[in-house]
Structure formats: structure tokens, C-alpha cells
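Heads up: the structure comes next, in C-alpha cells.
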Amino acid sequence: MDNAFKKEKGFTLLEMLISIMIITIAVLPIYQAVFKYTRNTQLERENFIASYLCQEGVEFIKNKRDTNWIQGLAWDDGLSICFGSGCEGGPYGLSAWADRTIYIEAASGFYRYLTTPVAGDIQTSFKRKIVVSKPTADEMDITVTVYWGNKTMIVKENIFNWR
Amino acid sequence: MINNNQKTKGFTLVETLVALLIFGFVSVILVNIFVSVLNSQKRILQNQELMNQSSYALEYMTKAIRMTEKDMTGACSGAAGENFRVGTSPVSIAFLAYDLKDSTYKCVQFLIEDNAIKERRSTDGNLPSGTALPITSSAVSVERLEFYVTGDILGDNIQPKITIMIKMKSLSSSTNAPVIIVQTTVSQRKLDI
């Protein structure tokens, strides 16, 4: 009788462990994939914001060149701070490169550099370096690099002294 | 026979409890994973919608602003020879936008209203009035819109430039709905002389 009971079908502990293991192995990659998608979306967001910050950097230099044209100055007047080691700039003007991170100012709402941030201002992880070089007298190469974490985005644009 | 039957068929209370426990344990884990996957997917979709909407609004506005010129009458920009009329409540900007269809400049206004970025279009150079049409979807809430203008005064000899900032939030019941803050600057293409 005892023997007959032992022969009955059922799961042994080993079978249970194996089936749980198989379920785990099947579910874990799904979980990891979703986690990866979440990470990628975060990265995509950062890339998205950085691409607009890069575009902004190029526009600052173009705006300065056009102002120089209007004022009858040398077309690269005032841009020497961006030669060599580069400069950083926001909506309120350009300054020498100081490796500063960009803030989102609560009062104005803008991405800009702040020397004395107040409560509500958000420190982003973005840094933006604008480097200008002049391969020839009438040509300027603008390289805008936005850094955040271990990520980098580079935008290059050539502008000329042609109206 | 009865005895035999009892001994072979059916489970004991302990066996049933153990089986239920294991089943419950495994299903709780699976349901948790499923719920967190659903939540992640929702956030991913919300983030994509935010990026779509904010890039559309930014591109739409910068495309128009880039092609503007000085408003010599001031009927659109508010003062003769200025380029932009920036309002604060609601935040708005009006300027002469180039119309490709008949190669003329017509007054266009962008503003924030009812948590959407809206546009008013004029058929001439005068400031448009009436209903503003939204350029952002009702699936997102525009929390803030800011414009910062330099060089738009007549005779300042500075090329006009505009910085635009959009803060957009996803409309959802969850408390930590994703938010995106984008900003870009655009310099007027036409020399301001």
C-alpha cells in the first residue's frame, strides 16, 4: 500500500525547482528588455534636449556675425573668446569657457549659467562648449559640444563672410 | 477498497497548503513583473508623446520666426521698426511671418492658452484677433512658454535673436507624470537693416 502511494504521479521537489527555474529564465529577459527600453527612452530625452542646446550654440555665433555686419565691424569681432579653448554662452551672452553646468532658472524659465542659484533653480547635467576656428579669413568653423554624464553630442557648422 | 482509495487519490492538507503557497508566490511575482512592465511602457509612450509635441511646436515656431523682418508700420510688432511684440499675460509673441504662397509678410501670433500653444494668423500686416488655433495636442499640457528677445529695437544695430522655452507635461492620472523642458534660440535670417 505504501509502495502504491509512492508510485502515484505528482511533482517531486526537483521537478518543482526546475519548473520555477524555467519560469524565471523565461521572465527575466522580458524584464531586462523593458528596463533597457526605459533607459533608452531616458537617453533619447537627453539627446533630444541636447540637440536643441547645440542648435542654440550655433545660432549665438551666427547672431554675433550678423550683428558685426550691421555695425560694420570685422565679421569675427568679439568672437576671439571662442577661438582655441572655446567659450560658453546662454541667451544673455557669451563668456570664456569655465566648465560650468547649465541651470534651468525658475524665474525666467531658461537654460542658462547661474553664479548664485536660488531655491527652485534646477541644476542640469549639461555643459556646452562652443569652439570657433577660422581655417581661412572668410570662413568660420563652429563646433558646439554638449556634455552630460559620459555622453557627448557634437554639432558642426561652417559659416562664411558672404552676405 | 475505501481505504485504498483514500490513501492514493487526493492531497493531504499540508500538500494543498504547500502547493497553494508556491502557486501564490509564483503568481505574485509574475503579476508584479507584468504591472511594472505596463507602467514602464506607459511612461515610455508618454515621453515619446512629449518629445513629438515639443519638437513640433518648437520647429513650427522657429521656422516662422527665422523668416521674419522688421515691421516698419508697427501694426504687428507694436512699435514702428521693431520686430517682435512680446506679451506677458498670456505669454505671447507677434511678428511678421513670411507667407510662401504670395511672397508677402503677414502678422502671426503665438501664445499659451488653456495649457496649449496656440497660433493666430492674420491675412495682412495687422495684429490678428479672434480664435487661436492650437498647435499642440490635448494629450499634453503646456505648463510654461517663454520668449526672450534681443535686438528688436529700431536703430539698435543688433541682429534680432529669440530664445524660446517650452515646459510640457504629460496628461495622466499618475502623480509623477513625465515633464520635458526644451529650449532653443533662433537668430533672424534676414539682416536687420
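Atom set for the values below is all heavy atoms of this structure, side chains included, hydrogens, waters and symmetry mates excluded. The chains referred to below are lettered A, B, ... by the order of the sequence lines, with proteins before strands, and numbering in each begins at 1.
- Both the backbone and the side chain of S55(B) come within less than 4.5 Å of a heavy atom of chain A.
- At least one side-chain heavy atom of I180(B) sits under 4.5 Å from a side-chain heavy atom of F48(A).
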message: Determine whether Y31(A) and S36(B) satisfy the following criterion, side-chain contact (heavy atoms from CB on, under 4.5 Å), listing intermediate values before the conclusion.
response: CA-CA 9 Å; Y31(A) 196 68; S36(B) 87; 3.2 Å; yes

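- A salt bridge does not link E56(A) to K161(B): none of the charged nitrogens lies less than 4.0 Å from a carboxylate oxygen.
- For I29(B), no part lies under 4.5 angstrom from a heavy atom of chain A.
- Other residues, nucleotides and ligands contribute at most 12 non-hydrogen atoms within 6.0 Å of the CZ atom of F35(A).
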- request: Give the intermediate values and the outcome of side-chain contact (heavy atoms from CB on, under 4.5 Å) for residues I22(B) and I20(A).
  value: CA-CA 9 Å; I22(B) 293 171; I20(A) 290 174; 4.2 Å; yes

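- Looking at L58(B), only its side chain comes within 4.5 Å of chain A, counting heavy atoms on both sides.
- Among the candidates G90(A), G57(A), G72(A), A107(A), the residue making the largest number of heavy-atom pairs closer than 4.5 Å to chain B is A107(A).
- No continuous path of hydrophobic side-chain contacts links F126(A) to V58(A) [ILVMFWY only; heavy atoms under 4.5 Å].
- Within the model, atoms OH of Y52(A) and OG1 of T185(B) stand 12.5 Å from one another, a figure rounded to the nearest 0.5 Å.
- In this structure, OG1 in T41(A) is found 6.5 Å from CE in M51(B), a value given to the nearest 0.5 Å.
- Placement of L100(B) and L96(B) within a single hydrophobic cluster is found when ILVMFWY residues are connected by side-chain heavy-atom separations under 4.5 Å, directly or transitively.
- Going from atom CD of E59(A) over to atom CD of Q159(B) covers 10.5 Å, rounded to the nearest 0.5 Å.
- Counting heavy-atom pairs closer than 4.5 Å to chain B, the top residue among T67(A), I104(A), N63(A), D66(A) is N63(A).
- I154(A) and I142(A) fall into different hydrophobic clusters, defined by Ile, Leu, Val, Met, Phe, Trp and Tyr side-chain heavy atoms under 4.5 Å apart, directly or through other members.
- Note: E59(B) CD to Q55(A) CD = 6.0 Å, rounded to the nearest 0.5 Å.
- Nearest heavy-atom pair across I44(B) and T38(A) is CD1-N, 3.9 Å.
- Between atom OG of residue S187(B) and atom CZ of residue R65(A) there is a gap of 8.5 Å, rounded to the nearest 0.5 Å.
- With a 4.5 angstrom heavy-atom cutoff, T24(A) does not touch chain B via any of its atoms.
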query: How far apart are the C-alpha atoms of I23(A) and V26(B), what are their side-chain angles, what is the distance that settles it, and do they pass the side-chain contact (heavy atoms from CB on, under 4.5 Å) test?
result: CA-CA 9 Å; I23(A) 293 173; V26(B) 171; 4.2 Å; yes

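- Put simply, of V37(B), I33(B), L191(B), the one with the most heavy-atom pairs under 4.5 Å next to chain A is L191(B).
- The two residues P178(B) and R45(A) have their closest heavy-atom pair at CB-NH1, 4.4 Å.
- Linking Ile, Leu, Val, Met, Phe, Trp and Tyr whenever their side-chain heavy atoms come within less than 4.5 Å puts I49(A) and F110(A) in one cluster.
- Using a 4.5 Å cut-off between heavy atoms, E44(A) contacts chain B through both its backbone and its side chain.
- The local environment of NZ in K167(B) is sparse, with at most 12 non-hydrogen atoms from other residues, nucleotides or ligands closer than 6.0 Å.
- Identified under the disulfide (SG to SG under 2.5 Å) test for residues 56-163 of chain A, with sequence neighbours left out: C82(A)-C87(A).
- Heavy atoms from other residues, nucleotides or ligands lying under 6.0 Å from OH of Y92(A) number more than 12.
- Both the backbone and the side chain of Y111(A) come within contact range of chain B, judged by heavy atoms closer than 4.5 Å.
- Of the atoms belonging to Q188(B), it is backbone heavy atoms, and not side-chain ones, that fall under 4.5 Å from chain A.
- Within 6.0 Å of NZ in K63(B) there are 12 or fewer heavy atoms belonging to other residues, nucleotides or ligands.
- Annotation: maximal heavy-atom pairing with chain A below 4.5 Å, among D192(B), V186(B), V182(B), I181(B), occurs at I181(B).
- Contact between Q183(B) and P91(A) at its shortest, heavy atoms only, is NE2-CG, 3.8 Å.
- When heavy atoms are compared at a cutoff of 4.5 Å, L30(B) approaches chain A solely by way of its side chain, counted from C-beta outward.
- F34(B) CZ: 12 or fewer foreign heavy atoms inside a 6.0 Å radius.
- Atoms CG and CG, from N157(B) and N68(A) in turn, are 11.5 Å apart once rounded to the nearest 0.5 Å.
- When hydrophobic clusters are built by joining Ile, Leu, Val, Met, Phe, Trp and Tyr residues whose side-chain heavy atoms come closer than 4.5 Å, directly or via intermediates, L145(B) is grouped together with I135(B).
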